[in-house]
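Fair warning: this is a prediction, and the values are worked out from it, not measured in the lab.
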Amino acid sequence: MPAMDTMAGNIFLIGLMGAGKTTHGKQLAALLQRDFIDSDQLICQRTGVSISTIFELEGEGGFRKREAAIIDELTRRHPVILATGGGAVLSPDNRHCLHTRGTVIYLHATPEILYRRIQYDKNRPLLQVANPLDKLQTLYQQRDPLYRETAHLVFNIPPQHSCPQITKQLLQLIQQHQHSQKNR
């Protein structure tokens, strides 16, 4: 296990739906003995309904307002591993909170890889369209620049991967980044 002093601070995971933010966030939190929070799951817990229901009742705008309040709250906790919803970076305020309050890692994967991972998941309101791959490609084109602007580190998810192997690589990337920050 890494020395805790080299892993000080918050770690925020961003990226499109299906990139593995929750899966790898939980594994990193266990390794680093930190709290893990998924912002979408917390919104569901607090409202008592699914994200799909929030989208249905309040529209995407209503959901984004709830998301912004949660992101502001959660990025103030310390130390925490936070997995954000895929659209969290759409708000300039969210991007600022994330970038200034922790180490942000963009879990990057192509729309084709993501589609293979989530094509049967009916809990993704933005993908309940005639052509979900086309929608993912559109979201990717819109959000990739925002993810890159917000992130301190970009981690490319390989097409063939093993979760523990990726989490180990993420941990090494974080250690390298934090070591380079100390030596500045």
Side-chain angles (χ1 to χ4, degrees), residues 7-109 114 118 121 123-127 135-136 138-155 157 167 170-171 173-174 177-178 181:
M7 294 309 211
N10 292 330
I11 298 169
F12 306 138
L13 302 175
I14 62 173
L16 280 173
M17 60 185 91
K21 300 178 298 283
T22 299
T23 300
H24 300 301
K26 286 178 180 177
Q27 292 175 358
L28 284 171
L31 287 170
L32 297 172
Q33 300 175 348
R34 300 235 186 116
D35 288 337
F36 169 77
I37 304 167
D38 179 300
S39 62
D40 283 353
Q41 289 176 1
L42 186 59
I43 291 169
C44 291
Q45 285 175 344
R46 289 191 179 172
T47 61
V49 298
S50 69
I51 290 174
S52 296
T53 301
I54 296 170
F55 266 71
E56 186 179 312
L57 297 174
E58 300 178 3
E60 186 174 355
F63 173 77
R64 296 295 172 209
K65 285 176 86 172
R66 290 178 182 277
E67 180 179 59
I70 290 288
I71 295 292
D72 182 49
E73 173 190 333
L74 297 178
T75 56
R76 293 177 188 276
R77 293 191 185 178
H78 189 81
V80 69
I81 309 275
L82 170 65
T84 66
V89 297
L90 295 173
S91 160
D93 289 342
N94 289 351
R95 291 194 305 270
H96 176 77
C97 287
L98 291 163
H99 190 79
T100 59
R101 297 178 184 168
T103 300
V104 182
I105 303 171
Y106 170 22
L107 298 182
H108 172 267
L114 296 173
I118 62 174
D121 186 344
N123 295 315
R124 312 268 182 186
L126 292 178
L127 294 187
K135 181 64 175 183
L136 266 174
T138 300
L139 291 171
Y140 179 85
Q141 289 172 354
Q142 176 191 28
R143 296 177 182 179
D144 182 66
L146 300 175
Y147 293 136
R148 291 179 187 277
E149 170 192 323
T150 308
H152 298 96
L153 303 166
V154 176
F155 184 85
I157 303 291
T167 301
L170 274 169
L171 194 56
L173 182 66
I174 294 164
H177 174 74
Q178 291 182 341
Q181 296 299 305

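Under the rule for a side chain to side chain contact (heavy atoms under 4.5 Å, CB included), the partners of Ala83 that lie at least two apart in sequence or sit in another chain are Lys21, Thr22, Phe36, Asp38. Applying the salt bridge (Lys or Arg N to Asp or Glu O under 4.0 Å) rule to Glu56 yields no partners; only residues at least two apart in sequence or on another chain are considered. Among residues two or more places apart in sequence or in another chain, the side-chain hydrogen bond (donor to acceptor under 3.5 Å, both in side chains) test is passed with Gln41 by none. For Val49, the side chain to side chain contact (heavy atoms under 4.5 Å, CB included) partners two or more places apart in sequence, or in a different chain, are Thr47, Thr53, Ile54. Residues passing the side chain to side chain contact (heavy atoms under 4.5 Å, CB included) test with Asp72, sequence neighbours excluded: Arg76, Cys97, Arg101. Residues passing the side-chain hydrogen bond (donor to acceptor under 3.5 Å, both in side chains) test with Tyr147, sequence neighbours excluded: none. The ring pair (Phe, Tyr, Trp, His ring centres under 6.0 Å) test applied to His99 returns His152, not counting sequence neighbours. In this structure Ala88 satisfies the side chain to side chain contact (heavy atoms under 4.5 Å, CB included) test together with Glu67, Ile71, Thr84, Asn94, sequence neighbours excluded.
Ion pairing between a basic and an acidic side chain is recognised when a charged N comes within 4.0 Å of a carboxylate O; Lys65 and Glu58 show no such pairing. Here Glu149 does not pair with Arg143 in a salt bridge; the nearest charged N to carboxylate O distance is not below 4.0 Å.
To the nearest 0.5 Å, atoms SG (Cys44) and CZ (Arg66) are separated by 10.5 Å. For the atom pair CG (Leu153) and CG (Leu170), the distance works out to 9.0 Å, reported to the nearest 0.5 Å. Separation of atoms CD1 (Ile43) and OG (Ser50) is listed at 12.0 Å; rounding is to 0.5 Å. Interatomic distance, Met17 CE to Leu114 CG, rounded to the nearest 0.5 Å: 9.0 Å.
Under a 3.5 Å cut-off, the side chain of Asp35 and the backbone N or O of Val80 do not form any donor-acceptor pair.
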**Message:** What verdict does the side-chain contact (heavy atoms from CB on, under 4.5 Å) test give for Arg77 and Ile37, after you've listed the backbone C-alpha separation in whole Å, the side-chain angles of each residue and the deciding distance to 0.1 Å?
**Reply:** CA-CA 10 Å; Arg77 293 191 185 178; Ile37 304 167; 3.0 Å; yes
**Step-by-step side-chain contact (heavy atoms from CB on, under 4.5 Å) determination, His96 to Asp93** = CA-CA 5 Å; His96 176 77; Asp93 289 342; 5.7 Å; no
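The shortest side-chain heavy-atom distance between Phe63 and Ile51 falls under the 4.5 Å cut-off. At least one side-chain heavy atom of Tyr140 sits under 4.5 Å from a side-chain heavy atom of Leu16. Counting heavy atoms from C-beta on, the side chains of Tyr106 and Asp144 come closer than 4.5 Å. With contacts defined as side-chain heavy-atom distances shorter than 4.5 Å, the pair Ile70/Arg46 qualifies. Side-chain contact between Glu60 and Phe55 is present, with at least one heavy-atom pair separated by less than 4.5 Å. At a threshold of 4.5 Å between non-hydrogen side-chain atoms, the residues Ile14 and Ile105 do not count as touching. At least one side-chain heavy atom of Leu28 sits less than 4.5 Å from a side-chain heavy atom of Ile174. Looking at heavy atoms from C-beta onward, Leu31 lies in side-chain contact with Leu171 at the 4.5 angstrom threshold.
Taking all atoms of both residues into account, the shortest heavy-atom contact from Thr150 to Val104 is O-CB, 3.7 Å. Taking all atoms of both residues into account, the shortest heavy-atom contact from Arg95 to Leu90 is NH1-O, 3.3 Å. When every heavy atom of Ser39 is checked against every heavy atom of Gly85, the shortest pair comes out as OG-N, 3.3 Å.
Tested against Pro79 for a side chain to side chain contact (heavy atoms under 4.5 Å, CB included), the candidates Asn10, Leu32, Ile11 yield a single pass: Asn10.
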